[in-house]
> 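Okay, handing you the structure first.
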Amino acid sequence: MTAFDLLSEPIRKYIRDQRWESLRPIQEAAIQKIIATDNNYVLISRTASGKTEAAFLPILSKVNFKGKGVKVLYISPLIALINDQFMRVEKLCEYLDVPVTKWHGEASKGAKDRLIKAPEGIVLITPESLEAMFVNKPHNIHHLFSTLEYVVIDEIHSFLGSDRGIHLQSLLQRIQKVNTGKFSTVALSATVSDENKYAELKEFLGDPEHTKVIRDTTPKPINAVFKYFERGNSELPLDLLKDLYIRTRDSKVLVFPNARGKVEEVAVKLKKLSEKVGGHANYFSHHSSVDKEVREYVEFFAKKSTHENFCISCTSTLELGIDIGNVDEVAQIDATHSIASLIQRVGRSGRREGKSSNLFLYATDRWSLLQSLACWLLFKEQYIEPISMTQKPYDVLVHQLLSMIKGASGITLTQLLEDVRSNAAFKNISAEETTEIINHLTEIDFLEKLRHEYIIGIEGEKVVNTKDFYTLFHTPVFFRVISQGVKIGELPLSAQTIIDENVYLSARIWTIKDIDYKSKKIEVLPAKDGKKPLFFGDAADTAPKIREKMLEILISDEKYDFMDEPGQEMIRQMRKYFSIYDIRSYQTDRPLFSGNDKLKFYSFTGSKVNRTLSFILNRVGIKNQLQENESEFELDFSKKSEFLSLFKDLNLNHVNFDDALTELIENSPETLNFSKWGIYLPLNYQAQLLKNRYFDFEGCNEFIRNLNFIENK
DNA sequence: GACCTGCTGCGGACTG
């Protein structure tokens with residue numbers, strides 16, 4: 001039977017009414033498999049290839065919606081995505097008379113109440129809303145979700161490898177536990193590495209043996225155009241902006257400048273250029289610090305613009321699948337930190353027929369040019385960086401222990417240990433370790449033992465009973481920016497947030513008129529000229545493979561005709577600079593420079609390994625400064641032979657760094673900022689968290705063992 | 001020079 005014939009009649013009618021000429025390859029494959037088996041599936045296929053339908057067409061054909069209880073649960077990382085998918089799924093469900101309910105922090109309370117009264121159909125939810133239900137209304141978890149047949153997880157790559165992912169994994173395990181049968185899972189993604197045969201991914205869905213991957217790797221035809229404009233100061237070169245303007249003024253375009261401040265700079269300056277020559281005025285900025293309503297307006301504007309052109313300067317807020325309609329072109333300013341990110345950004349463009357789609361890759365310094373080129377070449381090779389899952393997520397365990405105890409309102413140690421043991425998210429954490437963590441939580445009054453049962457303690461109540469409890473990630477403190485009663489966005493408190501200072505925000509220019517420190521409010525008025533806003537943050541980590549590729553480019557003599565002359569000239573210069581080293585293998589050989597009483601080397605490896613190496617070298621007495629962008633170590637140590645022999649003897653298996661890690665936490669507690677719940681762990685567990693998440697000792701050890709320093713001629 | 005994500009329950013004012 002064809003895939004179409006396998007679908008139920010109402011779904012076939014839906015497809016006929018949509019006037020689809022055929023089903024997409026991923027849909028054909030998914031329909032056959034999902035209808036025939038109860039396996040879990042991961043559907044991997046590029047953006048806009050019809051993945052949502054690939055999951056929902058067969059699921060809706062297969063599931064029997066009669067009888068009480070919700071049958072399909074759809075989980076999304078974003079509220080905006082739920083709102084988009086709601087409209088699509090609801091349209092589909094009209095053919096089946098199956099109700100669809102949105103359940104997130106901004107969804108209607110009335111609709112939620114109706115679902116509680118009569119649980120049925122499909123629910124679209126966020127992990128945090130599920131968490132809130134587990135903590136506050138645990139009986140509703142049972143009431144709504146004990147009859148689930150399918151769970152659909154959208155954009156699963158955005159969860160993998162993060163605390164938020166382990167959190168979701170734990171929640172899914174807890175839902176499965178109250179389920180009367182066993183639900184199957186269908187996960188969707190555009191970007192998952194196929195290294196290690198998807199082992200992590202299958203583990204994540206809880207049943208590796210019955211989890212299959214369906215992948216459509218048809219590449220997307222796209223032209224890359226590299227342009228190099230060297231940046232003199234902290235501002236973007238005017239020539240770059242002019243070039244970008246000319247190339248994109250007659251298109252619908254997304255620009256990704258990597259940082260919120262730069263996003264504003266691009267939006268404001270392009271808008272000014274356009275004003276001068278009488279071009280369109282549809283220049284917007286879109287990032288987390290632009291007011292939510294303003295962002296929604298921008299998304300709406302893009303979606304409804306069939307004939308009008310626009311330019312949205314944005315961060316990763318527009319990387320995931322929010323529907324903004326057709327985009328002709330994408331411009332990336334300086335390198336992305338990952339291939340996965342590049343794939344998502346490229347995926348946003350090129351749906352207009354008969355028009356070739358371009359990717360403009362601008363670079364403003366030599367190392368960024370090299371990294372951008374490396375990312376592009378790896379993208380062409382269909383490489384995606386592998387995900388690394390935390391083996392012992394102690395911090396998520398702290399959070400989930402509080403959630404389980406609060407939800408149970410009293411639970412014995414035996415039961416608690418059993419609940420943790422049977423939860424695959426914590427399968428590598430032993431009962432002894434869990435007990436030790438529970439004892440510590442009791443010591444700091446997060447838990448209290450009442451006869452045989454544990455309940456939430458006095459200090460625990462303070463964190464469990466706030467709305468901040470439901471997330472696994474930190475949220476920095478910002479001041480709301482308001483102009484004459486209208487919300488614009490938000491800014492952090494910095495040297496720049498002072499009265500009479502002019503800043504860009506939401507693609508416009510403002511003068512700061514008043515700062516209310518108590519209510520964290522900044523009053524502004526429109527202005528004519530200003531500066532880009534300053535935000536703080538950490539750069540995302542770059543994978544070892546990207547850095548390796550950068551070195552590979554430097555030792556090859558490949559020509560890149562998609563690169564402009566200044567770009568090609570810069571690559572030639574860098575190759576010449578590195579030609580003083582006789583590098584044979586980009587995998588093991590690394591340049592070591594000595595001269596003028598100075599010693600430095602280029603590691604060409606990932607951020608985590610660099611960070612670890614820098615820490616270790618400092619610890620063994622070789623003080624060093626790491627320049628992450630250049631993967632370069634400058635040493636306060638000029639004795640080359642001594643350094644080489646010291647390095648040769650460095651074997652991390654024989655040295656214990658636990659004391660050093662504990663010291664690091666005690667001296668600079670902010671190192672642990674990456675983990676919201678880790679601070680409530682015993683100190684030795686905090687050290688383990690640091691060791692496995694912030695650093696990469698294993699990877700570093702392997703790097704050192706294989707490393708072969710090549711000295712300059 | 002450095003991204004992003006989400007949110008309960010209750011009380012009180014207001015509307016139909």
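Chain A is the first sequence line, chain B the second, and so forth, proteins listed ahead of strands; every chain is numbered from 1.
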> Please figure out whether Ala259(A) or Thr317(A) has its closest DNA chain B nucleotide nearer the 5' end.
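On the 5' side of the pair lies Ala259(A).
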> Counting heavy atoms from C-beta on, name the nucleotide in dG6(B), dC4(B), dA2(B) closest to the side chain of Ala539(A).
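Output: dA2(B).
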> Check the phosphate of dG6(B) against Thr126(A), side-chain N and O only, distance under 4.0 Å to OP1 or OP2. Yes or no?
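For dG6(B), neither OP1 nor OP2 has a side-chain N or O of Thr126(A) closer than 4.0 Å.
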> Taking atom types as modelled, is there a side-chain donor on Asp291(A) or Tyr297(A) under 3.5 Å from an acceptor on the other?
no
> To the nearest Å, how far apart are Leu320(A) CG and dG6(B) P?
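About 10 Å, once rounded to whole Å.
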> Can you tell me if Arg295(A) touches the phosphate of dT5(B), counting only side-chain N or O atoms and a distance under 4.0 Å to OP1 or OP2?
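For dT5(B), OP1/OP2 do have a side-chain N/O of Arg295(A) under 4.0 Å.
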> In whole angstrom, give the distance that lies between atom CZ of Phe674(A) and atom C1' of dT5(B).
18 Å
> Could you tell me whether the phosphate oxygens of dG9(B), OP1 or OP2, come under 4.0 Å of any side-chain nitrogen or oxygen in Lys109(A)?
no
> Would you mind classifying the nucleic acid contact of Asn465(A) as base, sugar-phosphate or nothing, using non-hydrogen atoms under 4.0 angstrom?
nothing
> With a 4.0 Å cut-off on heavy atoms, is Ile79(A) in touch with a base, just the backbone sugar-phosphate, or nothing at all?
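Touches sugar-phosphate only.
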> Among Glu264(A), Lys262(A), Arg295(A), Arg260(A), which one satisfies side chain to side chain donor-acceptor pair (under 3.5 Å) with His287(A)?
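One option only clears the test, and that one is Glu264(A).
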> I want to verify a distance call: between dG9(B), dG6(B), dC4(B), whose nearest atom is closest to the Thr315(A) side chain?
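Closest nucleotide to the Thr315(A) side chain: dC4(B).
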> Looking only at the side chain of Arg164(A) (C-beta and beyond, no hydrogens), which of the listed nucleotides dT8(B), dC3(B), dT5(B) gets closest?
dT5(B)
> At under 4.0 Å, does any side-chain N or O of Lys262(A) touch on OP1 or OP2 of dC3(B)?
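False: Lys262(A) side-chain N/O out of range (4.0 Å or more) of dC3(B) OP1/OP2.
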> Tell me the interatomic distance from His286(A), atom NE2, to dC3(B), atom C1', rounded to whole angstroms.
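It works out to 13 Å between those atoms.
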> Measure from CZ on Phe256(A) to P on dC4(B) and round the result to the nearest Å.
12 Å
> Once you round it to whole Å, what is the distance between C1' of dT5(B) and NE2 of His104(A)?
14 Å
> Under 3.5 Å, is there a donor on one side chain and an acceptor on the other for Ser189(A) and His157(A)?
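A pair is found: one side chain offers a donor N or O, the other an acceptor, under 3.5 Å apart.
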> Does dA2(B) have OP1 or OP2 sitting under 4.0 Å from an N or O in the side chain of Arg260(A)?
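For dA2(B), neither OP1 nor OP2 has a side-chain N or O of Arg260(A) closer than 4.0 Å.
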> Taking atom types as they are modelled, would you say the side chain of Ser234(A) forms a donor-acceptor pair with the base of dG1(B) within the 3.5 Å cutoff?
no
> Looking for any heavy atom pair under 4.0 Å, which part of the strands does Asp538(A) touch: base, sugar-phosphate only, or nothing?
base
> Can you work out whether Gly105(A) or Ser289(A) has the more 5'-proximal nearest nucleotide on DNA chain B?
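Whichever sits nearer the 5' end wins; that is Ser289(A).
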> Rounded off to whole Å, could you give me the NZ-to-P distance for the Lys137(A) and dC10(B) pair?
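Rounding to the nearest Å, NZ of Lys137(A) and P of dC10(B) are 7 Å apart.
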> Please work out whether the ring planes of Tyr680(A) and Phe446(A) are parallel, tilted or perpendicular, with thresholds of 30° and 60°.
tilted
> Could you give the CD-to-C1' distance, from Glu319(A) to dC4(B), as a whole number of Å?
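Going from Glu319(A) (CD) to dC4(B) (C1'), I get 9 Å.
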> Can you tell me which nucleotide in dC7(B), dC4(B), dT5(B) comes closest to the side chain of Ser129(A)?
dC7(B)
> If I take atom CD in residue Glu106(A) and atom C1' in nucleotide dG6(B), what distance separates them, rounded to the nearest angstrom?
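The answer, rounded to whole Å, is 9 Å.
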> Could you label the plane-to-plane angle of the His399(A) and His167(A) rings as parallel, tilted or perpendicular, counting under 30° as parallel and over 60° as perpendicular?
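Perpendicular: the ring planes of His399(A) and His167(A) meet at over 60°.
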> Is there aromatic stacking of Tyr470(A) on dT8(B) here, judged by a ring-centre distance under 5.5 Å and a plane angle under 30°?
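Tyr470(A) vs dT8(B): stacking no.
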> Regarding Ala540(A), tell me which of base, sugar-phosphate or nothing describes its non-hydrogen contacts under 4.0 Å with the strands shown.
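Base, at least one base atom sits under 4.0 Å.
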> Do Gln85(A) and Asp323(A) get their side chains close enough for a donor-acceptor pair, meaning under 3.5 Å?
no
